[in-house]
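Data first, discussion second: the structure below is written as structure tokens.
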Amino acid sequence: MGISRNPWDPDRTPGGSSSGAGAAVAAGMAPIAHAEDGGGSIRIPASCNGLVGLKPTRGLVTNAVVEVEGLGTGGVLTHSVADTAVALDVLARHDPGAWWSPATPRTSFAAAMKTDVPTGLRIGVLTDSPIDGIRVHPACVAAVDVALRTLESAGQHIVDTPLPLPPTDELVTAFTTLWNVGGAGIALAEPDRVEPHNRALREAARAIDSWTYTEGVRKTQQLSRRIVEGFLAGFDLLVTPTIACLPPLVGAWRTGTEDDPLRALLNSYPMGVFTSVFNVTGQPAISLPVHHDEATGLPVGIQIVAAPWREDLLLQVSRTLELALPWAGRRPTVS
């Protein structure tokens with residue numbers, strides 16, 4: 001099907017896995033596109049392509065099944081917070097066939113977005129990688145600084161309370177145990193044509209017995225509770241870089257995969273290191289294109305995370321940033 005390329009620089013990736021959706025909206029082929037997020041696949045393309053991308057709270061938007069034990073959820077990529085809010089009003093309706101689906105919100109997200117933002121919100125900050133050894137690009141840290149200055153000038157309170165993250169090996173092991181089974185239930189008409197990386201993931205999943213898998217599910221639930229309880233005690237919102245790097249060159253994730261197909265996942269860590277944590281916790285998180293790297297001209301997104309079911313607050317604050325740091329008029333060279 002060809003290579004998805006970033007409209008801001010065709011030599012670079014538009015992110016993934018919703019790469020086509022991100023490239024299409026950024027290039028003006030469509031005003032909005034559906035996307036799925038199991039580790040960052042709404043928010044990562046949003047950052048890479050200068051778009052808005054909201055991952056809703058686990059269960060708010062239903063699918064035919066609970067995707068990857070709740071890590072995955074659906075959403076959209078758009079140019080504006082308003083478009084995102086309107087789309088969420090459509091997607092977040094109660095699904096009577098899904099026992100996990102909450103009641104349709106009484107107030108529309110589009111209406112909630114326009115209400116006054118409360119002041120004095122506790123805004124937490126995380127710019128160090130949750131996984132040891134991953135360098136965060138200065139432009140990504142600069143994007144967070146831009147957002148924090150704007151929020152502080154709007155009357156919010158920046159706090160230095162740390163997010164209680166688990167050790168790297170504990171978090172990665174729990175996440176990948178569930179992540180590897182993402183292809184379960186998908187029949188392959190031509191297994192030999194599956195990319196080596198995806199084939200290796202399927203083989204790794206099949207090597208895990210049911211007892212170990214259930215332990216992994218239980219572990220992610222325990223980690224989720226620990227992180228969310230710490231979040232609620234420390235702040236109302238958390239601001240992070242969306243990704244730890246600028247959009248990599250096309251094909252960079254393949255480095256070393258000839259010898260080890262699973263190396264592709266390790267190569268992708270800088271793109272998913274800040275996003276995947278909140279697939280584990282199920283919290284709502286949005287990527288906003290508040291910054292551009294001066295050296296490359298590439299968009300740089302920040303991620304804002306809220307408490308579960310607080311999409312209303314997330315959209316209110318996002319709208320505040322959009323008004324203060326307008327991005328709607330910025331368009332890529334390929335559009």
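Being a predicted model, the structure only gives us computed values, none of them experimental. Position 1 is the first residue of the sequence, and the numbers go up from there.
- Gln303 and Ser287 share no side-chain donor-acceptor pair at under 3.5 Å.
- Cluster annotation: Ile44 and Leu171 are assigned to distinct hydrophobic clusters (Ile/Leu/Val/Met/Phe/Trp/Tyr, side-chain heavy-atom contacts under 4.5 Å, transitive).
- Ionic pairing of Arg199 and Glu203 is not present here: no N-O contact between side-chain nitrogen and carboxylate oxygen is shorter than 4.0 angstrom.
- Contact check for Leu288 versus Leu321: side-chain heavy atoms found under the 4.5 Å cut-off.
- Ion pairing between a basic and an acidic side chain is recognised when a charged N comes within 4.0 Å of a carboxylate O; Glu170 and Arg226 show such pairing.
- Residues Val277 and Val280 are not in side-chain contact: their nearest non-hydrogen atoms beyond the backbone lie 4.5 Å or more apart.
- You'll find the side chain of Ser41 reaches within 4.5 Å of the side chain of Ser18, heavy atoms only.
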For Arg319 and Glu322, run salt bridge (Lys or Arg N to Asp or Glu O under 4.0 Å): C-alpha distance rounded to whole Å, both residues' side-chain angles, the deciding distance at 0.1 Å, then the answer.
CA-CA 5 Å; Arg319 179 60 175 158; Glu322 185 177 34; 3.0 Å; yes
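- Grouping Ile, Leu, Val, Met, Phe, Trp and Tyr by side-chain contacts under 4.5 Å, direct or through others, puts Ile42 with Val25, Leu51, Leu77.
- Contact check on Asp312 versus Arg310 returns a salt bridge, with a Lys/Arg side-chain nitrogen under 4.0 Å from an Asp/Glu carboxylate oxygen.
- In terms of hydrophobic clustering, with Ile, Leu, Val, Met, Phe, Trp and Tyr side chains grouped at heavy-atom distances under 4.5 Å, Val144 and Phe235 are assigned to different clusters.
- Taken from CD1 in Ile123 to OG1 in Thr161, the straight-line distance is 12.0 Å, to the nearest 0.5 Å.
- Here the options are Thr275, Asn279, Thr73, the test is side-chain hydrogen bond (donor to acceptor under 3.5 Å, both in side chains), and the partner is Asp37; only Asn279 passes.
- Ile131 places a side-chain heavy atom less than 4.5 Å from the side chain of Ser129.
- Tracing side-chain contacts under 4.5 Å through hydrophobic residues (I, L, V, M, F, W, Y), one never reaches Ile302 starting from Leu323; they form parts of separate clusters.
- The pair Asp9-Arg12 meets the salt-bridge criterion, with a side-chain N (NZ, NE, NH1 or NH2) lying under 4.0 Å from an Asp/Glu carboxylate O.
- The distance from the CE atom of Met29 to the OG atom of Ser335 is 12.0 Å, given to the nearest 0.5 Å.
- When all heavy atoms of Ser4 and Pro14 are compared, the pair lying nearest together is O-CD, 3.3 Å.
- Judged by distance alone, the side chains of Glu36 and Ser17 never bring a donor and an acceptor atom under 3.5 Å apart.
- Around atom CG of Asp209, more than 12 heavy atoms belonging to other residues, nucleotides or ligands sit under 6.0 Å away.
- Within the model, atoms OG1 of Thr242 and CZ of Phe274 stand 9.5 Å from one another, a figure rounded to the nearest 0.5 Å.
- Using modelled atom types, one finds a donor on one side chain and an acceptor on the other under 3.5 Å when comparing Thr62 with Asp95.
- In this structure, Thr127 and Val136 have side chains that are not in contact, with every pair of non-hydrogen atoms separated by 4.5 Å or more.
- In the hydrophobic clustering of this structure, Trp253 does not group with Leu249; members are Ile, Leu, Val, Met, Phe, Trp, Tyr whose side-chain heavy atoms approach within less than 4.5 Å, directly or through other members.
- Using a cutoff of 4.0 Å between basic side-chain nitrogens and carboxylate oxygens, Glu195 and Arg254 are scored as salt-bridged.
- To the nearest 0.5 angstrom, Thr57 atom OG1 is 8.0 Å from Leu54 atom CG.
- Using a 4.5 Å heavy-atom cutoff, the side chains of Val125 and Leu238 are not in contact.
- No side-chain heavy atom of Ser318 sits less than 4.5 Å from a side-chain heavy atom of Met113.
- Using modelled atom types, one finds a donor on one side chain and an acceptor on the other under 3.5 Å when comparing Thr84 with Thr78.
- Remark: Glu152 does not engage Arg149 in a salt bridge, criterion side-chain N to carboxylate O under 4.0 Å.
- Residues Thr115 and Gln316 are in side-chain contact: their nearest non-hydrogen atoms beyond the backbone lie under 4.5 Å apart.
- Here ring-ring contact (aromatic ring centres under 6.0 Å, His included) pairs that include residues 132-176, with residues two or more places apart or in two chains, are Phe175-Trp179.
- Shortest non-hydrogen contact noted between Pro7 and Asn49 is CD-OD1, 3.3 Å.
- Considering all non-hydrogen atoms of both residues, Val61 and Pro56 come closest at CG2-CG, 3.8 Å.
- With hydrophobic clusters built from ILVMFWY side chains whose heavy atoms lie under 4.5 angstrom apart, Leu298 does not share a cluster with Met271.
- Taking CH2 from Trp8 and OG1 from Thr333, the interatomic distance works out to 8.0 Å, rounded to the nearest 0.5 Å.
- Looking at every heavy atom in both residues, Thr150 comes nearest to Ala324 through CG2-CB, 3.5 Å.
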Step by step, would you call Trp327 with His291 a ring-ring contact (aromatic ring centres under 6.0 Å, His included)?
CA-CA 9 Å; Trp327 55 72; His291 188 57; over 10 Å; no
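- Applying the 6.0 Å contact sphere to CZ of Arg225 captures no more than 12 heavy atoms from other residues, nucleotides or ligands.
- Around CG of Asp116, the count of heavy atoms belonging to other residues, nucleotides or ligands within 6.0 Å does not exceed 12.
- Interatomic distance, CG of Asp236 versus CZ of Arg122, reported as 4.5 Å (0.5 Å rounding).
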